[in-house]
2 protein chains.
Amino acid sequence: MFFRLFNEIGIVEQLSRALLEARLPHGLTRPHFTVCNHLIRVKDGQTPLDLARAFQVPKTTMTHTLSGLEKHGLVELRPNPEDGRSKRVWLTPAGRAFRDKAIADLGPVFDDLAGGVDPGRLQAILPALEELRVFLDAYRSAKTGGPPRFGLAQVGRKRDPPRT
Amino acid sequence: MFFRLFNEIGIVEQLSRALLEARLPHGLTRPHFTVCNHLIRVKDGQTPLDLARAFQVPKTTMTHTLSGLEKHGLVELRPNPEDGRSKRVWLTPAGRAFRDKAIADLGPVFDDLAGGVDPGRLQAILPALEELRVFLDAYRSAKTGGPPRFGLAQVGRKRDPPRT
DNA sequence: TGACTATAGTACGACATCGCACTAACTAAT
DNA sequence: ATTAGTTAGTGCGATGTCGTACTATAGTCA
């Protein structure tokens, strides 16, 4: 049962990602969009590590994603006046426009989706998914070792054995 | 709403993947496991393209996954007597053992999961997920162009513009 | 102040994913 | 049989993801 569940989730993830990226400008991926979206929905000025935590990705992955966004002029990384080690991520006008346009372009897709699948039914699975996500996150932390530890970043993955 | 849904799905996908791969032998990934599992649950002797369709991945990705499985001696690729272009994928005893051991190793995880999240609740979201998956798959085909066309493989993704 | 530890970010390498282009083989129409 | 179009699989290159290791800065404690 769990296998089927995770399998369905994996396939939906692939398909939804392809659906989104087919509608983004060339060179921009779902993470780029989701980060911009997050910076608008929540707030910008967060640190890269904040974002890595929010999306449950290693910080190296977030560095990579942000560098892509910066290269496209969608965000700006400025030093964090409160902490010399870290930076803060700010959206540029282009970044906001990019996000708005992506959402607009997805409108028809969501309309079709709402026509083909009962939105209420999808809405209804959100709490269970969220519960599952929270459990998996906590489970990883629990199994990884001690307390909250740190930001997420590099934990709990498998370790390369020394090359023989 | 759809964003939140796909976001949760994406995160659950990442976390479940990490959870699984942390319990697999080094060098083997979730696709390796899921393919072996599929070959046992459904049947082996399928063609690589059958598998690519089943997992909704491009055929090049399946080639890569199968070559990894073959390198580890978990599957065998033999010519397809009915079609000189294609091959058939057969599990080796090692492949079956690998799948069985992975499932056994995941037992405790699933027990914990069943303890932390109501399994009935997860079970209940399966039909909606499946419906969503079927819709997304059909939608991609519909938008991509005509009829069933081909196997899945390389479609509907964005095209690289000529390098300037 | 100095020493030790913890944290933020990055450079780098390994590898997975996937689009493009190509070959070989099948199919259809004549 | 010839030819054109389609399909199965792969080589290759580009890029996303992530673990390891490193640097710079903070924080803690004496």
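Within every chain, numbering begins at 1; the chains are lettered A, B, ... in the order of the sequence lines, protein sequences first and strands thereafter.
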Gap between atoms CD and C1', on Glu21(B) and dT17(D) respectively (whole Å): 11 Å
Atom-to-atom span, NE2 of His26(B) to P of dC18(D) - whole angstrom: 15 Å
Distance, rounded to the nearest Å, where Leu49(A) contributes CG and dA6(C) contributes P: 16 Å
Residue whose nearest DNA chain D nucleotide is more 5′ - Thr47(B) or Arg85(A): Thr47(B)
Sugar-phosphate only, base, or nothing, as touched by Ser86(B) at under 4.0 Å among non-hydrogen atoms: sugar-phosphate
Residue met sooner reading DNA chain D from 5', once His32(A) and Asp83(A) are mapped to nucleotides: His32(A)
Out of dC18(D), dG9(D), dC18(C), whichever nucleotide has its closest atom nearest the side chain of Thr60(B): dC18(C)
Separation of dT17(D) C1' from Glu13(A) CD (nearest whole Å): 12 Å
Sugar-phosphate only, base, or nothing, as touched by Ser67(B) at under 4.0 Å among non-hydrogen atoms: nothing
Sugar-phosphate, base or nothing in reach of Asn80(A), heavy atoms under 4.0 Å: nothing
Polar side-chain contact Lys59(A)-dG9(C) base: donor and acceptor under 3.5 Å: yes
dT17(D) phosphate, OP1 or OP2, under 4.0 Å from Arg30(A) side-chain N/O: no
d(CG, Leu24(A); C1', dT15(D)) in whole Å: 15 Å
Salt-bridge present (Lys43(A), Asp50(A); N to O < 4.0 Å): no
Atom-pair distance (CG on Leu66(B); C1' on dG11(D)), nearest Å: 16 Å
Side chain of Thr63(A) (C-beta onward), nearest among dT10(C), dT17(C), dA8(D): dT10(C)
Closest non-hydrogen atom pair, Leu69(B) against Cys36(B): CD2-SG, 3.8 Å
Value in whole Å for how far the P atom of dG9(D) lies from CD of Glu82(B): 13 Å
Leu28(A) CG to dA14(D) P, straight-line distance once rounded to whole Å: 19 Å
Salt-bridge present (Arg30(A), Glu13(A); N to O < 4.0 Å): yes
Side chain of Pro31(A) - closest among dG9(D), dG9(C), dT17(D): dT17(D)
Under 4.0 angstrom between Arg17(B) side-chain N/O and dT17(C) OP1 or OP2: yes
Nearest listed nucleotide, side chain of His64(B), among dA26(D), dT17(C), dG9(D): dT17(C)
Phe55(A) ring center near His38(A) ring center (under 6.0 Å): yes
Asp137(A) with Arg133(A): basic N within carboxylate O range, under 4.0 Å: no
